[in-house]
Amino acid sequence: MTTPPTDNPLADLPPSYRPAKEEPAILERWLAGDAYQAQASDAGDPYAICIPPPNVTAPLHLGHALNNTLQDILTRHARMSGKNAVWLPGTDHAGIATQTVVEKRVLAEEGKRRTDFERDAFVGKIQAWKDEYEATITDQLKQMGCSCDWDRQAFTMDNARAKAVREAFFQLFKDGLIYRGKRLVNWDPVTQTALADDEVESKDVDGNFYYLNYPVCDAEGHPTGDHVTVATTRPETMLGDTAVAVNPKDEPRAKYIGQYVKLPICDRVIPILGDDYVVIPDPDSDDSKARMASGFLKVTPAHDTNDYEIGQRHDLTIINVMAPDASISIDHGWPPEEKSGENPTLAPFIGLTREAARKAIVRWFKEQDLLAEVKPYRHAVGHSYRSHAAIEPYYSDQWYLKVTDDKLAGAALRALDASQREASDHPALSPGSAGESAASDSNTTGLTFTPPRYAKTFQTWHENIRDWCISRQLWWGHRIPVWTGIGSEHEEQIDLWEAEGKVAKLKQSFSAGAQSWDGETDSSGNLIRLMICVASDQPSIEQWLENNGFQQDPDVLDTWFSSALWPMSTLGWPERTPELDLWNPTSVLCTAREIITLWVSRMVMFNLYFLGRLPFRDVFIHAMIQDGHGQKMSKSLGNGVDPMDIIHSHGADAMRFTLASMTTQTQDVRMPVDMVDPHSGETFTPKFITASGGVKVAAPTQERNGKSMVSSYGLASGEVKPSDDQPLARNTSEKFELGQRFATKLWNATRFALSNLAEAEPDAVVSSLSLADKWILSKTVRAIEHADKTLKAYDFHNYAGGLYEFVWNEVCDWYIESVKPVIKTPEGAKSRQVLATVLDVSLRLLHPVMPFVTERLWSGLNAVCPQRGVLGLDPDECDELVGGNWPAADRALIDLEAEEVFPRVQHVVGMIREVRAGAKVPPREVVDFSLHMEDAEAERVRPNLHLVEALTNTKMVAVGPDIPKPEGAAVVTGPAGIGYLHVQIDTAEEAERLNKRKAELEKSLKTLDGRLSNEKYTSKAPSHLVQQTRDQRAAAAAELDEVEKQLAEL
RNA sequence: GGGUGAUUAGCUCAGUUGGCUAGAGCGACUCGUUUACACCGAGUAGGUCACAGGUUCGAGUCCUGUAUCACCCACCA
């Protein structure tokens, strides 16, 4: 036992906790001390988490704060538990999102468009943006206390990650899983790029069904005088119609099959064909389509995915009628034979936007008396998740990854743990399929979602997966490492390199044909297109290719391609690093549900494909942070609150604790926000438009002339920090006070303990403990077990809640209050040791969620009482809690007797307090108290009556089986006996109180009697429950007797 | 159109395999500054667990249906 410091140990532990003052110094110490660093060694079981890399588009918001708090809790817990734990930080270049943000800024500040710059120059601007926000994000994470290994910070587009992307692409290309395809993509006409299916959001919009009459004609175009009526929501696409379809089973209309119509405006003669896809009209149908349908479907293969498929079935011409900006154009796939002749009817429509063209075409049909009808119709339309523009199905050349291959989607499906997999007839899961033999391979199976329901999202997505369009017409991203040339004269040299593994080749022969429209194939005969994928580190080959007429593909990869490699690339893949073998598979992926398909599933596919093992086995899907209107908090909606706001106002620990305690398995978390106008400083609540499809934000920035907003962080810290079109909102929720109060409580409990521990030495040899000591040690062991159990189950709400309950109620309200009378005395030495130990354990248990305040208090505890622990609970010593061990307790400390007796004391205390409060006895007045109870019970409770005295400010004057009731005393009834509080009471109030208790007991008795008189209950219910009911009934009856007796005596 | 989740005190939410006399925090009310803490302590009030059926000795919990809200998926005739 060291000598306590002579100076006042509390001098540097001020009366209240000021997180803003304490946290920065602690953070600096951790960072300087390399507290988060991990080495790829065999020191402890490996534990690794990859951060879901935040986009570098904007600062983090509370959704990220939640996500990262949970990861930090897990990482710190693992580290304290002796694991070799690493948390790998990094950011995502977020291709389209970042480019869009920068394009907007450049347009606003310089009045220039992207195309006004050279590619490299513009990428440089995006790079600068990335540098700025990466720094901001990193700083935010550090201040939140995230214990990432900062030496390993990665970026999805840095050199190491670029190498991984390059290698992955090359391997997939070589294996024949990457191909060039010409088909309909989801085209965003604003950003002018293709989008993956997942990047398309559907929204309900109010539109119309237009019924257009097409004149029927013969094969030569001579009108028969008849007409058919097609129904469409998109009249403007009629310019690209190449057929009209009818369901062959549609009796009255099937007769038109084989005839032709003359397409208005274009005068194109197109066939009427039969296809099952067409819905047969039925005005009484439940299906709205059947109610709206005319039976004739216009077929526009270039502008509708269904029509495209019909076109494939019937070998129809594909006529694209739009330019990439979705204006009507005859230059992007219009049939040459129609183009050659001037068409004065068509001319006025050329160049119109699709919206204008729709109106113009409808007007034209009306003028020609060909518009049969217009009906309003509400339907879903795909929109770009980035620009929010309506998606145009667009026929173009793109790169695809064949994720439908069994080695990708099939392997991912088989990876799902059998306990979470639903019965399926998917070929990958059928008995005897390729992967069935691997079913027992622990490397490739056992993927488990928490909560389990999300496994279904994963499974369904993989079962219905389509090939992944991986090319994007952007500048910000990983350039596709493929060089293309026409002709075959260089094939020999390329084959040589291919044999050496330096390049891979894709050969496509094609002919100039009617279906092409992009001008590439205007010569006659078959052509050879060579697409050469070059492996990484082959600059001379790239140079050679360019010297010989090959051109690198201008497109970049979908941002999720590099994200999908994250658990590998952050650990050094494609190099076979020690880190890779140690920490991949990682331990858990902790993310929100929105990216299960975009990200989780692709990591699973890639890790399985390239390394033959899962990237992680556990996937924890946590709640979403929403604003006060139930909308998810996101950058694009502008309702994101900067975590720095909360850190400044409440402290990082308070934020973390509150977020963790709100993380339940089902509920999303609502955090009301206000917006702050940076110019006026006014606070306003964002407006919302309620549509039947959901609540949508009227984006505040757009309403304010596109002027930038600032976060309240900027305002709070006195510096205005514009965040462009990604404004941050201000938190108005009081929820964070929960964590703040708790940190303060812990702080003050520690101050109390330290002040006492400093004055007298604890007794390191702990034996013959008091009831309170035994009870709190027992509860401490249970708290440790509860924390372990809940963290293992990713049950953060109960982890935080359990510790809150333990520290506040059990330690502070009961234990500390119980030992106060003795804590300063020589007899209190044992309690001092117990208190120090309990505090030690509390700080350790709380450290993962509240690292700062626990670290701060830890140094105080070390200074005052360096030797802590009792037999069975003897934690290690350490200077810094960040490097401390997780407590382990001997279950022998669980004291069932103490756990039974102490609650009796608590009950008596509760009853006395109730009476005192009811009788308005001044709290400072010590009153006499006597307790009438049976001998056996009295003997049990008697040694602990001083606790009752201390906790109720009473003096125990008599205990035993024959204690008479003093005249006028208040009566306290309870399971331990009957107590008499020696105060003069108001008879009426006493009667009221007793009558109330009587009513409660009678009600309870009625319930219990009802249960016991039910023979089916007594015979069928488990015997211990029946016994419990009997005991309850007996106790209630006895107390009721007593209450009635006391009432009678009043 | 399909799927998932939610509906419990004024508010925000817990409630594990059915055993509940339904809990917590905030807010409300009463009392209290005895040297850890007023960001505190003691106490009180407040709920036919969305609705309607069903299973069961027993339903907040399981089943069926209805209503409302949110989210995800789906090829926009």
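Throughout, a chain's letter reflects where its sequence line sits, starting with A, and its residues are numbered from 1. All values derive from a computational prediction rather than experimental measurement.
Atom pair A/H383:NE2 and B/A74:C1' shows a separation of 16 Å (rounding to whole Å applied). Straight-line distance from the NZ atom of A/K1016 to the P atom of B/U55: 12 Å, rounded to whole Å. In this structure, CD of A/E236 is placed 16 Å from P of B/C76, rounded to the nearest angstrom. One interatomic measurement links the two molecules: CZ of A/F736 to C1' of B/U12, which rounds to 13 Å at whole-angstrom precision. When the P atom of B/C26 is taken as reference, atom CZ of A/F742 falls 13 Å away, rounded to whole Å. Across the protein-nucleic acid pair, A/F806 atom CZ and B/A24 atom C1' stand 18 Å apart, rounded to whole Å. The interatomic distance linking A/E925 (CD) with B/C31 (P) rounds to 18 Å, in whole Å. We find that OH of A/Y799 is positioned 19 Å from C1' of B/A14, with the value rounded to whole Å.
The backbone N or O of A/T229 lies less than 3.5 Å from a partner atom in the side chain of A/S294, making a donor-acceptor pair. With hydrogens and angles disregarded, a donor-acceptor distance shorter than 3.5 Å links the side chain of A/T237 to the backbone of A/R234.
Distance noted for atom C1' between B/C72 and B/G18: 31 Å (whole Å). Here, B/A14 and B/G47 have their C1' atoms 15 Å apart, quoted to the whole Å.
Using a 4.0 Å heavy-atom distance criterion, A/R924 is classed as a sugar-phosphate-only contact. In this structure, A/I391 reaches the bases: a heavy-atom distance under 4.0 Å links it to at least one base atom across the strands shown. Within 4.0 Å of A/Y277, counting heavy atoms only, lies at least one base atom of the nucleic acid. Residue-level contact check: A/V230 touches neither bases nor backbone, having no heavy atom under 4.0 Å from any strand. Nucleic acid contact class of A/H797 (heavy atoms, under 4.0 Å, all strands): sugar-phosphate only. Contact annotation for A/K456: backbone-only contact, meaning every heavy-atom pair under 4.0 Å involves sugar-phosphate atoms and none involves a base. Residue contacts shown for A/R593 are limited to sugar-phosphate atoms, with no base heavy atom under 4.0 Å away. At a threshold of 4.0 angstrom between heavy atoms, the contacts of A/P922 with the nucleic acid are absent.
Comparing B/C71, B/U34, B/G5 by their nearest atom to the side chain of A/R453 picks out B/G5. When distances are taken from the side chain of A/L738 to each of B/C71, B/C76, B/G25, the shortest belongs to B/G25. In this structure, the nucleotide among B/U21, B/C76, B/A14 sitting nearest to the side chain of A/T664 is B/A14.
Of the N and O atoms on the side chains of A/N748 and A/R751, at least one donor lies less than 3.5 Å from an acceptor on the other residue. A side-chain donor from one of A/D188 and A/S384 sits under 3.5 Å from a side-chain acceptor of the other. Checked by atom type, the side-chain pair A/N208/A/Y210 shows a donor-acceptor distance below 3.5 Å. Defined by atom type and a distance below 3.5 Å, a donor-acceptor pair is present between the side-chain atoms of A/T1029 and A/Y1017. Side-chain contact check for A/E737 and A/H650: no donor-acceptor pair (N or O, by modelled atom type) lies under 3.5 Å.
The aromatic rings of A/F657 and A/F742 are tilted relative to each other, their planes meeting at an angle between 30° and 60°.
A cation-pi contact, defined as under 6.0 Å to the ring centre and within 45° of the axis, links A/K820 to A/F752.
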Given protein heavy atoms under 4.0 Å, the one-letter contact record of nucleotides 35-44 of chain B, with B base, S sugar-phosphate only and - none, is simply -BB-BSSSSS
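Across all non-hydrogen atoms, the minimal contact from A/D307 to A/T300 is OD2-N, 2.7 Å. Heavy atoms only, all atoms of each residue included: A/T952 and A/R916 are closest at O-NH1, 2.8 Å. Closest of all the heavy-atom pairs between A/V909 and A/V948 is CG2-CA, 4.0 Å. Taking each heavy atom of A/A302 and A/I318 in turn, the nearest pair found is CB-CG2, 3.6 Å.
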Are there any protein N/O atoms within less than 3.5 Å of an N/O atom in nucleotides 58-61 of chain B, and if so, which ones and at what distance?
none

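Helical stems involving RNA chain B, defined as 3 or more consecutive Watson-Crick or G-U pairs under 3.5 Å, span B:1-7 with B:67-73, B:10-13 with B:23-26, B:28-32 with B:40-44, B:50-54 with B:62-66.
Two residues, A/Q1028 and A/S661, neighbour RNA chain B, and the one matched to the more 5' nucleotide by heavy-atom proximity is A/S661. Each of A/F296 and A/S1004 has a nearest nucleotide on RNA chain B; the 5'-most of these lies closest to A/S1004.
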